[in-house]
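In what follows, chains are A, B, ... by sequence order, proteins preceding strands, each numbered from 1. What you see below is based on every heavy atom in this structure, not just the backbone, and it leaves out hydrogens, waters and symmetry mates.
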Protein chains: 2
Amino acid sequence: MSHKQYTMYPNFIQHLKKHISLTDDDIQVLSTYVKIKSIKKKEFLLEEGQICKGNYFVEAGLLRMFYINGKGTEQITQFALENWWLSDYMSSMMQSPSKFYLQAVEDAEVVVVDHQKQEELFKKVPQLERYFRIMMQRAYAASQMRVKYFHDYSKEENYRQFVLLFPQFVQRIPQYMLASYLGITPEYLSELRKKHPIT
Amino acid sequence: MSHKQYTMYPNFIQHLKKHISLTDDDIQVLSTYVKIKSIKKKEFLLEEGQICKGNYFVEAGLLRMFYINGKGTEQITQFALENWWLSDYMSSMMQSPSKFYLQAVEDAEVVVVDHQKQEELFKKVPQLERYFRIMMQRAYAASQMRVKYFHDYSKEENYRQFVLLFPQFVQRIPQYMLASYLGITPEYLSELRKKHPIT
DNA sequence: TAAAAAACTTAAGCTGGTTTAAGAAATTAA
DNA sequence: TTAATTTCTTAAACCAGCTTAAGTTTTTTA
């Protein structure tokens with residue numbers, strides 16, 4: 001009976017267990033602090049101006065984070081697929097209105113950890129403090145590398161690197177979103193693809 | 001007598017205490033796990049090809065992180081001044097050779113936490129897990145915002161924003177380093193400064 | 001299954017920022 | 001205090017990537 005409670009988010013539990021040890025009791029407690037949320041393609045978890053209340057784990061599907069820039073066009077800053085966390089940490093830490101949108105690119109199942117209740121949860125299951133330390137360190141490490149790649153390569157090289165490293169991922173997003181993430185116009189991406197067809 | 005041991009790094013201890021509570025015993029234990037290191041301007045804490053062994057807290061002075069790009073020129077990715085942590089987290093997590101250099105821009109006092117011994121330290125002073133979770137979350141939040149600013153503003157706007165937000169900081173670094181950090185050539189920065197003199 | 005909407009392509013002209021090359025000013029070392 | 005070195009400036013030619021505008025293809029909705 002007790003494990004029926006977390007068959008709703010097997011990836012989530014498995015991911016936690018990869019980094020920390022949890023008793024069935026821990027999982028029991030945890031399950032009272034998290035919710036699973038199903039969202040349809042194009043639905044929002046967060047919109048500009050709101051204070052970001054949750055930390056979101058992608059159990060299934062695909063999310064994106066973006067903002068609307070000065071010219072009124074969407075600028076994507078991150079994607080999150082299975083087993084990734086996504087949130088506007090500045091907004092939730094500072095309790096300030098977010099500049100970002102969090103939206104489903106595909107129908108998605110998301111595990112929601114309420115930022116407010118997080119402290120309380122950490123007290124009851126202290127290993128989670130460690131788990132999130134590891135997740136944040138990992139995310140920060142990835143972003144240190146991203147800054148490097150961003151400077152290092154031309155937009156064209158950047159595009160080709162990305163397609164090479166994440167081909168499965170490129171299949172799942174429309175090209176204009178890839179262009180936005182890479183910081184180029186769809187027109188220029190189209191030109192690059194013509195110049196160097198990628199199978 | 002016991003607090004003589006940490007008058008060597010008052011900022012460090014104060015910073016820890018701002019986020020977690022520590023007994024004198026905790027501090028005693030901690031002090032056996034960290035070292036203070038004085039480095040002169042232009043000395044390195046890490047060079048390309050080495051595995052990053054430490055996590056560095058700037059007690060005093062100013063550090064920079066950079067790499068050598070394809071054209072053979074330095075690209076600065078981060079500065080760290082008093083009360084900031086600096087490390088190549090990817091290199092230390094993956095135990096892979098770093099692509100980066102960590103170097104003193106000014107003479108500096110640095111508190112070194114050995115990445116290898118960190119796990120052991122966390123077992124003895126568990127609150128530190130929380131402290132570093134907060135530090136990593138904060139660093140990651142800042143980098144989420146940085147990606148936004150980077151896309152959002154032209155290089156010129158970026159420069160002016162930076163000078164406006166961190167004037168004291170701009171005073172402490174040579175202009176070619178600011179140019180490198182902003183991802184522009186020193187020549188272009190010079191042109192921008194001529195166009196819009198900032199008192 | 002037809003019409004509307006969303007996504008992608010093409011091509012020409014334009015601009016923000018680089019490159020190159022030289023000299024001037026400021027800092028550091030002897 | 002002089003020489004060496006490092007940092008900063010100027011200006012002209014150049015190019016990666018954008019803008020604009022129009023047309024084509026694919027996906028969604030009715």
Side-chain angles (χ1 to χ4, degrees), chain A residues 40-44 62 64 66 68-76 79 101 103-107 149-163 169-199, chain B residues 40-44 62 64 66 68-76 79 101 103-107 149-163 169-199:
Chain A
K40 289 273 168 208
K41 186 171 172 171
K42 294 191 182 172
E43 273 192 278
F44 291 95
L62 175 55
R64 64 170 180 154
F66 70 93
I68 308 285
N69 68 20
K71 293 166 199 143
T73 63
E74 295 175 1
Q75 175 63 56
I76 297 175
F79 291 105
Y101 297 80
Q103 190 193 36
V105 175
E106 299 171 354
D107 292 358
Y149 287 126
F150 203 87
H151 279 295
D152 222 358
Y153 300 117
S154 69
K155 306 278 178 169
E156 173 163 4
E157 288 168 321
N158 239 265
Y159 156 68
R160 300 177 73 188
Q161 273 277 326
F162 193 88
V163 170
F169 185 68
V170 172
Q171 316 267 301
R172 289 171 70 178
I173 54 172
Q175 266 167 45
Y176 78 94
M177 285 195 190
L178 176 53
S180 172
Y181 178 76
L182 293 173
I184 62 181
T185 59
E187 292 84 352
Y188 188 53
L189 178 54
S190 193
E191 197 177 301
L192 293 180
R193 281 166 49 81
K194 186 168 66 167
K195 229 165 87 188
H196 294 291
I198 313 256
T199 35
Chain B
K40 288 273 167 207
K41 186 171 173 172
K42 295 193 181 170
E43 273 192 277
F44 292 95
L62 175 54
R64 65 170 179 153
F66 70 93
I68 308 285
N69 68 19
K71 294 166 200 144
T73 63
E74 294 175 1
Q75 175 62 58
I76 298 175
F79 291 105
Y101 297 79
Q103 190 193 38
V105 174
E106 299 171 353
D107 293 358
Y149 288 126
F150 203 87
H151 279 295
D152 222 359
Y153 300 117
S154 70
K155 306 278 178 163
E156 174 164 2
E157 286 169 321
N158 238 261
Y159 156 67
R160 300 176 73 186
Q161 272 278 326
F162 193 88
V163 171
F169 185 68
V170 172
Q171 316 267 301
R172 289 171 70 176
I173 55 172
Q175 266 166 45
Y176 77 94
M177 285 196 190
L178 176 53
S180 172
Y181 178 77
L182 293 173
I184 62 182
T185 58
E187 291 85 353
Y188 188 50
L189 179 53
S190 193
E191 198 177 299
L192 292 180
R193 282 167 48 82
K194 187 169 64 171
K195 228 165 90 188
H196 293 291
I198 311 257
T199 34

Taken to the nearest whole Å, OH/A/Tyr159 to P/C/dC8 is 12 Å
Is A/Lys194 close enough to C/dC8 that one of its side-chain N or O atoms is under 4.0 Å from OP1 or OP2 there? no
Check every strand shown and say whether A/Glu187 touches a base, only sugar-phosphate, or nothing at a heavy-atom separation below 4.0 Å. base
Which nucleotide in the list D/dT19, D/dC8, C/dG17 gets nearest to the side chain of A/Lys71? D/dT19
Below 4.5 Å, heavy atoms only, C-beta onward: do B/Tyr181 and B/Arg64 meet side chain to side chain? no
Measure the distance from OH on B/Tyr188 to P on D/dT10 and round it to the nearest whole Å. 15 Å
Are any of the side-chain heavy atoms of A/Ile68 and A/Glu74 separated by less than 4.5 Å? yes
Between A/Glu43 and A/Gln103, is there a donor-acceptor pair closer than 3.5 Å when you use the side chain of the first and the backbone of the second? no
Separation of atom CD in A/Glu156 from atom C1' in D/dC18, rounded to whole Å: 15 Å
Rounding to an integer number of Å, can you tell me how far B/Arg193 CZ sits from D/dT7 P? 15 Å
Counting the atoms with a prime plus P, OP1 and OP2 as sugar-phosphate, which does A/Tyr176 contact under 4.0 Å by heavy atoms, base, sugar-phosphate, or nothing? sugar-phosphate
Closest listed nucleotide, where the reference is the side chain of A/Pro174 and the choices are C/dA7, D/dA11, C/dT10: C/dA7
Atom-to-atom span, CG of A/Leu189 to C1' of C/dA7 - whole angstrom: 12 Å
May I have the distance from B/Lys195 (atom NZ) to D/dT10 (atom P), rounded to whole angstrom? 14 Å
What does B/Lys41 touch in the nucleic acid at a heavy-atom separation under 4.0 angstrom: a base, only the sugar-phosphate, or nothing? sugar-phosphate
Separation of C/dG17 C1' from B/Phe150 CZ (nearest whole Å): 13 Å
For the pair A/Asp107 (side chain) and A/Lys40 (backbone), establish whether a donor and an acceptor sit closer than 3.5 Å, ignoring hydrogens and angles. no
Side chain of B/Thr185 only, heavy atoms from C-beta on: which candidate in D/dT9, C/dA7, C/dT18 is closest? C/dT18
Between B/His151 and A/Phe66 (judged by ring centroids, cut-off 6.0 Å), do the two rings come close enough to count as a pair? no
Rounded to whole Å, the CD-P distance (B/Glu157 to C/dG16) equals 11 Å
Using a cut-off of 4.0 Å on non-hydrogen atoms, how would the nucleic acid contact of B/Ile184 be classed: base, sugar-phosphate, or nothing? sugar-phosphate
